[in-house]
Amino acid sequence: MPYTYPPDQKTYYEQVWELARQVPHGKVATYGQLAQMIPAPKDIDPKDYAALGSRWVGNALAACPVDVPWQRVINSQGQISKRPGAEKQRHLLEQEGIVFIRDRIDLQTYHWHTSEQMDDPTQGQLF
DNA sequence: CGCTTGACCGGAA
DNA sequence: ATTCCGGCCAAGC
């Protein structure tokens, strides 16, 4: 399994933490989403960044300072990535009012998005 | 020094 | 729905 780290790990991690801090209480972001919001490091092929960025975000959160609401970042399936401590994360999110259905949360309801983000075509397309 | 082990994701079969 | 694949590094034992 290929596994890389950003060229300037410290700088990259701080960008991740800064974004994570902006996720509001009761909302969630995904690893891939945060990766997309950070520009690809200069020396990295955009193709490689697209493939690996989400893992870098995960690594950054694994080493985040206490003031980062790490629990609000989950995987693209709307699930908490399997690992020790996963139950704690679920508990924290439930305390924020997020409801889990069969270990999964409804991203349509809880997904955080900024005004910049024009994704989610299923949202707002009526009839 | 040489393994082992990682908070991921989208596309294809 | 499910499994498989590519991405090709570095910290910690």
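These values consider heavy atoms only, across backbone and side chains, with no hydrogens, waters or symmetry-generated copies. Since this is a predicted model, take the numbers as computed values, not measurements.
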Pairwise P distance for B:dC3 and C:dC8, with rounding to whole Å
23 Å
In numerical order, the residues of residues 77-103 of chain A whose heavy atoms come under 4.0 Å of DNA chain C are none
To the nearest 0.5 Å, atom CG of A:D8 lies from atom OH of A:Y13 at 11.0 Å
So the salt bridge (charged side-chain N to carboxylate O under 4.0 Å, His left out) pairs with at least one residue in residues 60-76 of chain A (sequence neighbours excluded) are A:R21-A:D67, A:R72-A:E96
Identify whether any heavy atom of A:W70 sits under 4.0 Å from a base atom; if not, whether one sits that close to sugar-phosphate; answer base, sugar-phosphate or nothing.
base
Outermost contacting nts on DNA chain B, any atom under 4.0 Å from chain A heavy atoms, listed 5' then 3', are B:dG6 to B:dG10
Sorted by chain and number, sequence neighbours left out, side-chain contact (heavy atoms from CB on, under 4.5 Å) with A:N75 holds for A:Y31, A:Q77, A:Q79, A:S81
By side-chain contact (heavy atoms from CB on, under 4.5 Å), A:K42 pairs with (sequence neighbours left out) none
Can you tabulate the close N/O pairs, meaning under 3.5 Å, that link protein atoms to atoms of nucleotides 9-13 of chain C?
{"unit_1": "C:dC9", "atom_1": "O4'", "unit_2": "A:Y3", "atom_2": "O", "d": "2.8"}
{"unit_1": "C:dC9", "atom_1": "N1", "unit_2": "A:Y3", "atom_2": "O", "d": "2.6"}
{"unit_1": "C:dC9", "atom_1": "O2", "unit_2": "A:Y3", "atom_2": "O", "d": "3.1"}
{"unit_1": "C:dC9", "atom_1": "N3", "unit_2": "A:Y3", "atom_2": "O", "d": "3.2"}

Throw together a table of side-chain donor-acceptor distances under 3.5 angstrom for residues 43-52 of chain A, partners on residues two or more places apart or in other chains.
{"unit_1": "A:D45", "atom_1": "OD1", "unit_2": "A:K47", "atom_2": "N", "d": "2.7"}
{"unit_1": "A:Y49", "atom_1": "OH", "unit_2": "A:Y12", "atom_2": "OH", "d": "2.8"}
{"unit_1": "A:Y49", "atom_1": "OH", "unit_2": "A:A35", "atom_2": "O", "d": "2.6"}
{"unit_1": "A:Y49", "atom_1": "OH", "unit_2": "A:I38", "atom_2": "O", "d": "3.2"}

Item to check | Pairwise P distance, C:dG12 and B:dA7 [rounded to whole Å] | outcome: 13 Å
State whether the side chain of A:Q33 and the backbone N or O of A:W112 hold a donor-acceptor pair below 3.5 Å, judged by distance alone.
yes
Going by atom type alone, with no hydrogens or angles, which donor-acceptor pairs under 3.5 Å involve a side-chain atom of residues 22-29 of chain A and a protein atom two or more places apart or on another chain?
{"unit_1": "A:Q22", "atom_1": "NE2", "unit_2": "A:E18", "atom_2": "O", "d": "3.4"}
{"unit_1": "A:K27", "atom_1": "NZ", "unit_2": "A:T109", "atom_2": "O", "d": "3.2"}

Below 4.5 Å, heavy atoms only, C-beta onward: do A:Q71 and A:I80 meet side chain to side chain? no
For residues 85-108 of chain A, the ring-ring contact (aromatic ring centres under 6.0 Å, His included) pairs (sequence neighbours left out) are none
side-chain contact (heavy atoms from CB on, under 4.5 Å) filter on A:Y3, not counting sequence neighbours, yields A:Y5, A:R55, A:N59
Rounding to 0.5 Å, atoms CZ (A:R90) and CD1 (A:I74) come to a distance of 11.5 Å
Practice prompt. Determine whether A:Q89 and A:W70 make a side-chain contact, defined as any pair of heavy atoms from C-beta on separated by less than 4.5 Å.
Written response: yes
Per the under-4.0 Å heavy-atom filter, residues of residues 20-29 of chain A near DNA chain B come out as none
A:T30 meets the side-chain hydrogen bond (donor to acceptor under 3.5 Å, both in side chains) criterion, sequence neighbours left out, with none
